[in-house]
Visitor: 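Below you'll find the structure I mean.
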Amino acid sequence: MDKESVVLGCGCEVYGDEAEELKQRFRLLRLLIVSTALSMPLLWDLPPRFQFVLATALQFGPGLYYIRNAIRGLRNRTAGMDLLVALSTTAIYAYSTVVVFTVTENIKLYYLCDGVLISLLLFGRYLESVAIYQSGEAVRSLLRLQPKTALVLRDGVETEIDAAEIVSGDMVILLPGERIPADGRIVEGSCLVDESLLTGESVPVEKRPSELLTGGTLNREGRVRYEATTVGEDSTLQQIAAFVRRAQSEKAPIQRFADRIASIFVPSVIALAVLIFALWFFLLSPGDWGKAVSTVCGVLVIACPCALGLATPAALMTASGRAAELGILFKGASAIEKAWSVDTVVFDKTGTLTEGRVELGMTDPLREDARASVEACKALGLELWMISGDKGETARHIATECGIENILFEVKPEEKARQIKRLREEGRCVAMVGDGVNDAPAMAEADLAIAMGTGTDVAIECADAVLPGGRIGRVPQALRLAQAARRTVRQNLAWALFYNAICIPVAACGIVNPSIAAAAMTLSSNGILLHSLRLNKAEAANENR
């Protein structure tokens with residue numbers, strides 16, 4: 001399988017080669033396991049030289065991940081968090097190693113601090129890799145709708161071939177219960193086709209001679225012979241898949257606030273460490289390597305980006321867990337980041353606002369919580385739209401029942417995506433709520449895609465968030481929870497910056513040794529985690545609604 005690079009919202013590259021993605025993910029998992037295994041014995045009071053052996057394996061095993069990333073960043077002329085992690089862990093390791101081989105009494109080592117820092121950050125990086133892998137499933141799920149084989153007439157004989165071998169002009173035999181292998185026009189017979197892939201409507205459509213069939217749709221009933229007209233990359237299914245892929249790759253990378261701070265913070269800390277070393281070694285305590293190195297290690301350890309690095313993911317991971325308790329599955333931290341900025345929500349009709357099933361009188365009933373969900377979204381100050389592939393009369397009726405004023409109907413999948421793009425070009429942050437394959441391009445184009453858990457696999461894989469129980473009332477809850485997460489992130493960052501503003505100058509004065517610095521860093525990180533855990537009580541009043 002050829003590799004196809006796709007840039008995700010997080011700024012990471014994902015390749016179409018599924019095996020390569022899994023290889024990178026398991027590599028991170030192995031590093032995390034090794035790092036944890038090497039760090040655990042450091043909890044005990046082991047002989048210094050035995051600690052040195054473990055710490056060396058840790059620093060030049062799992063720790064090399066950050067060192068290599070830091071070197072790669074420097075080659076690209078960027079100084080990110082990996083650089084400060086690499087410098088901090090190396091400084092801790094180097095200082096402790098000097099102590100092991102030069103000090104004979106009152107030995108204080110900080111190898112455990114090194115191990116905890118590396119393990120914690122590797123754990124966060126592994127979780128990110130899981131989310132990255134899932135992001136590629138949307139396109140893969142779309143392409144799975146293409147049947148692997150097809151029955152065609154070759155020299156007057158019905159022959160089963162690989163569906164990818166169908167060429168324009170082939171006569172294809174379509175049997176009941178089969179998915180249509182390629183776009184084409186019926187030559188003989190009639191059938192009943194489920195075109196929910198295109199329209200979202202679950203009611204099968206009767207197809208007669210000279211009418212078009214779309215690849216990937218399902219033949220519910222009837223046998224027909226049709227002429228393949230559009231195959232390969234030009235087929236409707238492939239175009240929808242390409243649209244999803246293109247929309248995903250065009251999303252601007254999320255610029256995490258912590259990373260923007262780090263772009264200034266990291267170089268500043270490095271420059272400060274160099275200056276402090278020079279001041280102590282040449283002026284304040286001339287020639288005293290121990291004092292100069294100890295002071296610089298204190299500064300680097302106390303400024304280690306653990307608290308700053310945890311400020312965002314700790315809040316987002318807690319919010320994600322709380323969301324799951326409420327019946328909202330966010331696919332990674334970036335989905336919550338997207339959700340807190342949403343100001344416009346676009347709903348699909350069939351299967352989203354409605355039950356997606358036809359009852360007596362040919363009506364598709366409104367979901368029980370649809371009206372309440374719309375009202376709750378309005379209370380948040382959101383602008384609401386309904387975009388449907390259904391007829392105007394039906395669409396207007398459902399929108400009126402829900403209380404949605406902005407309506408578009410008889411809209412094809414590609415046009416849905418264009419409407420989402422238009423709203424985004426107007427400066428809006430758009431959430432798209434859908435359930436069908438026909439919603440996939442629009443969901444990929446939106447800033448935030450929310451899928452009903454009762455919908456198709458393609459919609460679910462394409463989504464940033466899924467509502468497993470199909471309760472649309474969870475939409476406003478998800479957005480409120482995301483806004484609470486934003487407040488928590490900002491408060492965490494404010495604390496992390498305040499901590500560094502106070503503690504770094506104190507460490508620079510030489511009155512904080514690496515041990516106290518490590519304790520201060522741990523205390524700051526624990527404060528961030530405890531504050532983030534408050535999100536576990538978010539939406540408690542609305543939990544059973």
Side-chain angles (χ1 to χ4, degrees), residues 199-202 326-328 338-359 361-411 415-417 419-420 422-424 426-436 438-439 442-443 445-455 459 463 465-467 469-483 539 541-545:
T199 65
E201 288 294 332
S202 57
L326 295 171
I328 305 160
K338 297 172 186 176
W340 69 41
S341 298
V342 167
D343 55 29
T344 303
V345 179
V346 177
F347 292 98
D348 170 50
K349 181 187 76 68
T350 307
T352 302
L353 290 171
T354 68
E355 295 286 354
R357 54 185 171 82
V358 177
E359 295 186 342
M362 296 300 288
T363 60
D364 185 2
L366 196 67
R367 285 188 183 272
E368 182 181 355
D369 54 349
R371 185 187 297 274
S373 177
V374 169
E375 291 175 354
C377 287
K378 287 183 176 181
L380 290 173
L382 304 173
E383 180 173 307
L384 305 182
W385 286 74
M386 189 186 82
I387 301 181
S388 173
D390 207 348
K391 302 296 182 182
E393 183 179 350
T394 304
R396 279 191 291 266
H397 171 71
I398 294 298
T400 301
E401 278 198 63
C402 291
I404 298 176
E405 292 82 18
N406 303 303
I407 315 164
L408 291 174
F409 47 84
E410 296 184 29
V411 179
E415 182 58 28
K416 281 189 178 183
Q419 293 298 332
I420 298 293
R422 178 182 63 80
L423 289 171
R424 294 183 66 208
E426 292 175 358
R428 305 175 189 277
C429 183
V430 182
M432 173 68 194
V433 188
D435 75 310
N438 62 308
D439 299 317
M443 293 171 74
E445 184 66 53
D447 296 284
L448 177 74
I450 302 176
M452 307 298 287
T454 52
V466 180
L467 310 179
R471 294 185 63 181
I472 200 169
R474 298 305 187 197
V475 172
Q477 278 190 306
L479 300 180
R480 284 196 300 263
L481 182 60
Q483 291 171 2
E539 288 295 301
N542 303 308
E543 187 168 359
N544 297 318
R545 292 184 182 178

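Just so you know, residue 1 is the first one in the sequence shown, and it goes up from there.
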Visitor: Could you give the distance from CG (Asp439) to CD1 (Ile387), rounded to the nearest 0.5 Å?
Guide: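 So the CG of Asp439 and the CD1 of Ile387 are separated by 9.5 Å.
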
Visitor: Kindly give the heavy-atom pair with the smallest separation between Leu382 and Thr344, and that separation in Å.
Guide: CD2-N, 4.5 Å

Visitor: Rounded at 0.5 Å granularity, tell me how far CD1 in Ile404 sits from CZ in Arg371.
Guide: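 Ile404 atom CD1 to Arg371 atom CZ measures 10.5 Å (nearest 0.5 Å).
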
Visitor: Measure the spacing between CD1 of Ile407 and CZ of Arg396 and express it to the nearest 0.5 Å.
Guide: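 It is 7.5 Å, given to the nearest 0.5 Å.
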
Visitor: Does a donor on one side chain sit under 3.5 Å from an acceptor on the other, for Gln477 and Arg480?
Guide: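 Absent: no donor and acceptor within the cut-off.
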
Visitor: Mind checking what makes side chain to side chain contact (heavy atoms under 4.5 Å, CB included) contact with Ala339, not counting sequence neighbours?
Guide: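 If we apply the side chain to side chain contact (heavy atoms under 4.5 Å, CB included) test to Ala339, skipping adjacent residues, the hits are Phe330, Leu448, Leu479, Ala482.
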
Visitor: Any idea which heavy atoms bring Arg474 and Ile328 closest together, and the distance?
Guide: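 Distance-wise, the nearest heavy atoms are O-CD1, 3.6 Å.
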
Visitor: Nearest 0.5 angstrom please: Glu415 CD to Gln419 CD, how far?
Guide: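 Answer for the CD-CD pair, Glu415 versus Gln419, is 4.5 Å.
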
Visitor: To the nearest 0.5 angstrom, please state how far the CE atom of Met452 sits from the CZ atom of Arg471.
Guide: 10.5 Å

Visitor: Of the non-hydrogen atoms in Asp390 and Phe409, which two are nearest, and what is the gap between them?
Guide: O-CB, 3.5 Å

Visitor: Is it the case that the side chains of His397 and Glu401 hold a donor-acceptor pair, with the cut-off being a distance below 3.5 Å and no angle test?
Guide: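 Per modelled atom types, Glu401 and His397 side chains form a pair under 3.5 Å.
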
Visitor: Which residues pass the side chain to side chain contact (heavy atoms under 4.5 Å, CB included) test with Glu426, not counting sequence neighbours?
Guide: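 Side chain to side chain contact (heavy atoms under 4.5 Å, CB included) list for Glu426, sorted by chain: Arg422, Leu423, Arg428.
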
Visitor: Around atom CD of Glu368, are there more than 12 heavy atoms from other residues, nucleotides or ligands closer than 6.0 Å?
Guide: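 Not buried by this count: 12 neighbours or fewer within 6.0 Å.
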
Visitor: Of all residues at least two apart in sequence or in a different chain, which pass the side chain to side chain contact (heavy atoms under 4.5 Å, CB included) check with Ala370?
Guide: Leu353, Leu366, Arg367, Cys402, Ile472

Visitor: Calculate, to the nearest 0.5 Å, the distance between atoms NZ and CG belonging to Lys378 and Leu384 respectively.
Guide: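 The NZ atom of Lys378 sits 6.5 Å away from the CG atom of Leu384.
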
Visitor: Do you know which two heavy atoms are closest between Met443 and Ala459, and how far apart they sit?
Guide: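 Shortest heavy-atom separation between Met443 and Ala459 comes out as CE-O, 3.5 Å.
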
Visitor: Looking at every heavy atom in both Ala395 and Lys349, which two are closest together, and how far apart are they?
Guide: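 Ala395 and Lys349 have their closest heavy atoms at CA-CD, 4.1 Å.
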
Visitor: Testing the basics here: between Ile450 and Ala463, what is the closest heavy-atom pair and its distance to 0.1 Å?
Guide: C-CB, 4.3 Å

